[in-house]
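One structure is given here, and the rest of the page talks about it.
As the structure is a prediction and not an experimental result, all values here were calculated from the model. Protein chains get the first letters and strands the later ones, always in sequence-line order, with residue 1 at the start of each.
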2 protein chains.
Amino acid sequence: MTEAATSVSRKRSGPRVTISDMADALGLTKSTVSRALNGYADIAEGTQLRVKKMAAELNYQPLSYAQAVKTGRTRSLGLVLQLSDHDAHRPFLAEFLAGLSAGASQEGYTVTVASADTHDTLVDTFRSLAQDGKADGFILPRAMVDDPRAKLLRAERVPFVLYGRQQDPTGCAWFDVRGEDAMRDAVRHLADLGHRRIGFINGKTIYTYASLRLQGFKAGMAECGLTIDPDLMRDNAVTRSDGQAAAGAFLDQAEPPTAIVCAVDNAALGAYAALAERGLTVAKDVSIVAYDGTQDGANAQPPLTTFAVDNRNAGERLSSLLIRRVRGEPVENLRETTAATFVRRASTGPAPAGPTPSSNKNF
Amino acid sequence: MTEAATSVSRKRSGPRVTISDMADALGLTKSTVSRALNGYADIAEGTQLRVKKMAAELNYQPLSYAQAVKTGRTRSLGLVLQLSDHDAHRPFLAEFLAGLSAGASQEGYTVTVASADTHDTLVDTFRSLAQDGKADGFILPRAMVDDPRAKLLRAERVPFVLYGRQQDPTGCAWFDVRGEDAMRDAVRHLADLGHRRIGFINGKTIYTYASLRLQGFKAGMAECGLTIDPDLMRDNAVTRSDGQAAAGAFLDQAEPPTAIVCAVDNAALGAYAALAERGLTVAKDVSIVAYDGTQDGANAQPPLTTFAVDNRNAGERLSSLLIRRVRGEPVENLRETTAATFVRRASTGPAPAGPTPSSNKNF
DNA sequence: CTGATTTCCGAAACCGGTTTCGGCAAGAGG
DNA sequence: CCTCTTGCCGAAACCGGTTTCGGAAATCAG
């Protein structure tokens, strides 16, 4: 028995041991070895054990691409980076990818990353990757309201999972953090502190998260009996300077807000700058609460009150979902959401007793 | 001719067009089509064109894993993430990966990411990935002085490229930023500003970059005729709190430094905190210059003077080098370094006219 | 016009697995 | 004791490519 293991003398190209070597060493045929390894029912339990033991002994591991020729699957999950809006994923990507690959590794999968430079070549990149057989399915970060990636993949019947929800759920699996709940809770938190004039700085409206967070903000305002001033609403602010401009516009109005909800941490940090420019201090003059849970927010002065999302976990969940999808589970089973966690820090405080009580509307 | 193209009626599994379909459509054999596509010399120029045109028309693209069975190569570059010290790559990874995959994409390659949770499973992850045939070669970020990954891969004859140099260059290809030059220039810069007592906070000594940057610091001090005080030297500081502790220890000495060179931006930001704790202000009381070029440094108050490294570019260079390595080029041709770029911001200033001139050593 | 090269392509083996099919031997049932 | 299952494995086809080899036709030299 053991002599058979040592008698592996064929050293064709490198010390790779193939399934035929296994068969020779065991006195079986390739097909039997293969089925034993894959746990087919028509293999005696004894031989299955014997084969697996030999595999461990010889350190045999099938070539994934050799398997793929017949099975059509490589055990790899695709992720394509859009280099055009690279700031979009910068803080986001590292944790997310770590989660993705960790979740994939658990099931013996890997993550295959490609990149599209321009927005036009994006779809081509997907197509080419799918045709290449480089990925069994795709993970689509940042779901868009009108998502060309989802359309393509659905049409070509390639499995995929979205990070973010989709209005039309047909054919879509997803994982998402309920940003709308967070925004509603943000308003509640501020209302509890006595704020009544609250502004909202939203993210990019091309993404589905923006409309959801807006919804949540509106719901929170309604619940708390507050009225929304259209002049205190801004869209498409995702960078610091975006946030600075938006918050500045709020503050320069006749009746500035006492609190601002930001859909994105970065925008909130821009709001910090806008306050500083005007000699105002965060929390004392204007309260700010945001969403993301970035490190920058934690480091800011004062530390930013925000709703943290666990991108690491999101990655893990997404790869798990995609693997199940690849294995044939219907999309209806593959939709998960989770809550963001409120991180109360120091950017919110009681509403200042300003001239706000008797507002001069058309009254 | 064109009728042949439309007569592709076999729809076995999905609308995939195989090389046999191509052969049928062209009235040639598989082998001829294959060689035409791969540019073999024994194919008439005319037929080669004809085949390629048909490939475009039928949208034919070979399955990379089918090719790999014979060629042994998947056109994918491996990268394994170490989740244990995740903070090590956090800001680093996003840009780096973008560069990697961009460089890979240019040559039709992809990047395959796996992850090792513990430090022990790291080598196994490499071994398994290589045996799986999931990657043709590997990119090894953060070269260590005694690098188990490099050892393994060299032993198993798997191509790899290091981000960072190696003392023993045998079998090693690499790309690196010359941190030693940056540290030397940092000292020069400070010396030009009149500083004479300069501290140094280094990074993790397990990585090769640390000894190089230390070398550079020493060289700079020597060049400028300055003496190194062992009490102003610290190691293994890579986080904010690390830097804060190290800088704090410097500042609490009888004769504190007027400037600190940090091997890592994060440590410098910790030094900011240490100064703030003691009522000192950056640049006026103590000058600080660091290395990395992180966004956090740019956002800090005052903005951090540092040496920026272009991780995006590093990724691109590394994938290019690895691809060449996979294609058989000897490692001797595959070693590149580049300079970090000095970004003078506001954390350095002239040395304060303190009690430093007549230092009371054993004199 | 003949013989020797080239040029160009087809036939077939091969890569390392998976999967279908069929058959032999042992056990079950009558 | 004979038949019918059932359990278990071998033989061979197959997946979609690549590569080696050999041979026919075309070109060249003499």
- Check ion pair B:Lys151-B:Glu156 (N to O, under 4.0 angstrom):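 A salt bridge is absent here (no side-chain N lies under 4.0 Å from a carboxylate O).
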Residues forming a side-chain hydrogen bond (donor to acceptor under 3.5 Å, both in side chains) with [X], sequence neighbours excluded:
{"X": "B:Asp120", "value": "none"}
{"X": "A:Ser101", "value": "B:Ser115"}
{"X": "B:Gln106", "value": "none"}

- Does B:Lys70 get its side chain close enough to the base of D:dG17, under 3.5 Å, for a donor-acceptor pair?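 Per atom types, no contact qualifies.
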Rounding to an integer number of Å, can you tell me how far [X] [atom1] sits from [N] [atom2]?
{"X": "A:Asn38", "N": "C:dT20", "atom1": "CG", "atom2": "P", "answer": "12 Å"}
{"X": "B:Lys30", "N": "C:dA13", "atom1": "NZ", "atom2": "C1'", "answer": "10 Å"}
{"X": "A:Asp21", "N": "C:dG16", "atom1": "CG", "atom2": "C1'", "answer": "11 Å"}
{"X": "B:Tyr40", "N": "D:dC21", "atom1": "OH", "atom2": "P", "answer": "13 Å"}
{"X": "A:Arg75", "N": "C:dG17", "atom1": "CZ", "atom2": "C1'", "answer": "12 Å"}
{"X": "A:Ile19", "N": "C:dT18", "atom1": "CD1", "atom2": "C1'", "answer": "8 Å"}

- Message: For residues 66-80 of chain B, which residue pairs pass the salt bridge (charged side-chain N to carboxylate O under 4.0 Å, His left out) check, not counting sequence neighbours?
- Response: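 Output for this query lists A:Asp132-B:Arg75.
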- Item | With A:Asp136 via salt bridge (charged side-chain N to carboxylate O under 4.0 Å, His left out) - residues at least two apart | none
- Message: Which residues pass the salt bridge (charged side-chain N to carboxylate O under 4.0 Å, His left out) test with A:Arg325, not counting sequence neighbours?
- Response: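 A:Arg325 satisfies salt bridge (charged side-chain N to carboxylate O under 4.0 Å, His left out) with no other residue.
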Please write out the pairs of protein N or O atoms and N or O atoms of nucleotides 6-11 of chain C separated by less than 3.5 Å, giving the distance to one decimal.
unit_1, atom_1, unit_2, atom_2, d
C:dC9, OP1, B:Thr47, OG1, 3.4
C:dC9, OP2, B:Ala44, N, 2.8
C:dC9, OP2, B:Thr47, OG1, 2.9
C:dC9, N4, B:Asp42, OD2, 2.9
C:dG10, OP2, B:Thr29, N, 3.3
C:dG10, OP2, B:Thr29, OG1, 3.2
C:dG10, OP2, B:Thr32, OG1, 2.5
C:dG10, N7, B:Arg35, NH2, 3.1
C:dG10, O6, B:Arg35, NH1, 2.9
C:dG10, O6, B:Arg35, NH2, 3.2
C:dA11, N6, B:Ser31, OG, 3.2

- Which nucleotide sits closest to the side chain of A:Val69: D:dG17, C:dT18, D:dC15?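 My answer, after comparing the listed nucleotides, is D:dC15.
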- Does a donor on one side chain and an acceptor on the other come within less than 3.5 Å for B:Thr29 and B:Thr32? yes
- Within residues 124-137 of chain B, residues whose heavy atoms come under 4.0 Å of DNA chain D: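 Within this stretch, nothing sits under 4.0 Å of the strand.
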- So which of residues 59-66 of chain A are in contact with DNA chain D, with a heavy-atom cut-off of under 4.0 Å?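 Residues of residues 59-66 of chain A under 4.0 Å from DNA chain D: none.
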- Note on the structure: Taking five pairs at each terminus, the helix from C:dC1-D:dG30 to C:dG30-D:dC1 shows an axis bend, to 10°, of 40°
- Message: I'd like to know if the side chain of B:Arg317 reaches the main chain of B:Gly103, judged simply by a donor and an acceptor atom lying under 3.5 Å from each other, with no hydrogens or angles considered.
- Response: no
- Message: Taking ring-ring contact (aromatic ring centres under 6.0 Å, His included) as the definition, give me every residue that meets it alongside A:Phe126, ordered by chain and number, with sequence neighbours left out.
- Response: A:Phe138
- Applying the salt bridge (Lys or Arg N to Asp or Glu O under 4.0 Å) test to A:Asp176, which of A:Arg165, A:Arg142, A:Arg335 qualifies?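 The salt bridge (Lys or Arg N to Asp or Glu O under 4.0 Å) with A:Asp176 is passed solely by A:Arg165 among A:Arg165, A:Arg142, A:Arg335.
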- Query: What ring-ring contact (aromatic ring centres under 6.0 Å, His included) pairs are there with at least one residue in residues 28-68 of chain B, not counting sequence neighbours?
  - Reply: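 Not a single pair qualifies under ring-ring contact (aromatic ring centres under 6.0 Å, His included).
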- Query: With a 4.5 Å limit on heavy-atom distance, are the side chains of B:Gln48 and B:Arg35 in contact?
  - Reply: no
